[in-house]
Enquirer: 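Encoded as structure tokens, here's the structure I'll be asking about.
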Amino acid sequence: MSDLHIRRATLGDIDTVLRFWRDAAEGTSISDDHDGVARLIATDPEALLLAERQGLLTGTVIAGFDGWRCSAYRLAVHPDHRRQGIATALLEAAEQRFAALGGRRVDAMVLEVNERAHHTWSASGYHREDHWRRWVKPLAD
């Protein structure tokens, strides 16, 4: 993994990240557009972490911290680069960020139908909490 470089995203990365998510991420989010990612980077410039090999984007994770909760979103690894430790490296970088910020626990958003992801999260020490459910309300049409 010495050739893997993890860095924070910049505004110049937005289009590349959006294309990457179309190929590598499961599901979509209401914020999967240029304005949504730009707002994330402007609000928390350290949150969107990118894994690269030889300048090629191979993985992402959003490591958001609001002062109360550590939240992990958009853990995605390109299909051609899976099973090489990239997700593990991204989660370790996210957890280091959270620890430095004083975080106490990480909540991860994981699609129910994405069983491959369940194994990834479990192998990294995460477990499912069945007594919680996510409730949502879109603020815009």
Side-chain angles (χ1 to χ4, degrees), residues 1-130 132-141:
M1 287 307 265
S2 63
D3 63 335
L4 188 69
H5 175 68
I6 297 178
R7 66 175 179 87
R8 69 182 184 97
T10 67
L11 293 174
D13 294 311
I14 294 173
D15 292 332
T16 301
V17 168
L18 290 170
R19 280 191 305 275
F20 176 83
W21 284 343
R22 281 192 292 273
D23 293 336
E26 295 288 331
T28 58
S29 167
I30 195 169
S31 299
D32 284 356
D33 58 25
H34 194 278
D35 290 342
V37 179
R39 207 169 14 262
L40 169 65
I41 293 170
T43 302
D44 188 351
E46 306 290 327
L48 178 52
L49 301 176
L50 308 180
E52 296 175 323
R53 272 208 172 117
Q54 300 174 352
L56 178 68
L57 181 58
T58 58
T60 67
V61 69
I62 298 173
F65 182 65
D66 62 10
W68 180 260
R69 290 230 161 83
C70 304
S71 299
Y73 307 93
R74 281 298 192 211
L75 176 64
V77 175
H78 191 278
D80 295 341
H81 297 271
R82 291 182 179 154
R83 313 257 332 133
Q84 298 175 27
I86 295 170
T88 299
L90 282 163
L91 287 176
E92 287 174 359
E95 291 166 7
Q96 289 171 5
R97 176 176 198 260
F98 294 145
L101 292 169
R104 297 178 180 184
R105 183 184 83 173
V106 181
D107 291 333
M109 297 298 297
V110 183
L111 286 173
E112 285 292 318
V113 298
N114 190 352
E115 291 187 21
R116 181 176 47 235
H118 299 178
H119 297 292
T120 299
W121 287 99
S122 181
S124 292
Y126 291 77
H127 66 277
R128 177 184 170 136
E129 287 190 336
D130 289 326
W132 295 102
R133 287 293 179 260
R134 179 178 175 191
W135 291 40
V136 301
K137 176 184 176 182
L139 298 176
D141 295 334

Enquirer: Could you pull out the closest heavy-atom pair between Leu48 and Ile41, with the gap in Å?
Expert: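 Scanning both residues completely, I find the closest heavy atoms to be CD2-CD1, 4.5 Å.
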Enquirer: By side chain to side chain contact (heavy atoms under 4.5 Å, CB included), which residues pair with Thr16, not counting sequence neighbours?
Expert: Arg19, Leu57
Enquirer: Applying side-chain hydrogen bond (donor to acceptor under 3.5 Å, both in side chains), can you list everything that pairs with Asp32, at least two apart in sequence or on another chain?
Expert: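 Testing Asp32 for side-chain hydrogen bond (donor to acceptor under 3.5 Å, both in side chains), a comparison that skips the adjacent residues, returns Arg74.
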Enquirer: NE2 of His5 to CD of Glu52: how many Å apart, nearest 0.5 Å?
Expert: 6.0 Å
Enquirer: Can you sort out the partners of Tyr73 under side chain to side chain contact (heavy atoms under 4.5 Å, CB included), two or more places apart, ordered by chain and number?
Expert: Ile62, Ser71, Met109
Enquirer: Please find the pair of heavy atoms, one from Arg53 and one from Leu4, that lie closest to each other, and give the distance.
Expert: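 Here Arg53 and Leu4 meet closest at CG-CD1, 3.9 Å.
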Enquirer: Can you tell me how far apart CG (Asp35) and CG (Leu40) are? Round to the nearest 0.5 Å.
Expert: 12.5 Å
Enquirer: Is any side-chain heavy atom of Ile6 closer than 4.5 Å to one of Glu92?
Expert: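 Heavy-atom side-chain distance check fails, nothing below 4.5 Å.
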Enquirer: Rounded to the nearest 0.5 Å, what separation is found between the OG1 atom of Thr58 and the CZ atom of Arg82?
Expert: 11.5 Å
Enquirer: side-chain hydrogen bond (donor to acceptor under 3.5 Å, both in side chains) with Asp130: which residues, sequence neighbours excluded?
Expert: Arg128
Enquirer: Thr60 and Trp21: which non-hydrogen atoms are nearest, and at how many Å?
Expert: OG1-NE1, 2.9 Å
Enquirer: Identify the two heavy atoms, one from Ile86 and one from Ala51, that lie closest to each other, and give their separation to 0.1 Å.
Expert: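 Smallest interatomic distance, heavy atoms only, reads CG2-CB, 3.8 Å.
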Enquirer: Gln96: which residues meet the side-chain hydrogen bond (donor to acceptor under 3.5 Å, both in side chains) condition with it, sequence neighbours left out?
Expert: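 Result, side-chain hydrogen bond (donor to acceptor under 3.5 Å, both in side chains) vs Gln96: none returned.
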Enquirer: Please say whether more than 12 non-hydrogen atoms of neighbouring residues, nucleotides or ligands are located less than 6.0 Å from CD in Gln54.
Expert: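 No, the 6.0 Å shell around CD holds no more than 12 heavy atoms from other groups.
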Enquirer: How close do Gly103 and Cys70 get, heavy atom to heavy atom, and via which atoms?
Expert: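 Smallest heavy-atom distance, with atoms named: CA-SG, 3.4 Å.
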Enquirer: Do you know which two heavy atoms are closest between Ala63 and Leu49, and how far apart they sit?
Expert: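 For Ala63 versus Leu49, the nearest heavy atoms are CB-CD1, 4.4 Å.
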Enquirer: Could you list the residues that satisfy side-chain hydrogen bond (donor to acceptor under 3.5 Å, both in side chains) with Arg105, not counting sequence neighbours?
Expert: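 side-chain hydrogen bond (donor to acceptor under 3.5 Å, both in side chains) check on Arg105 returns Asp107.
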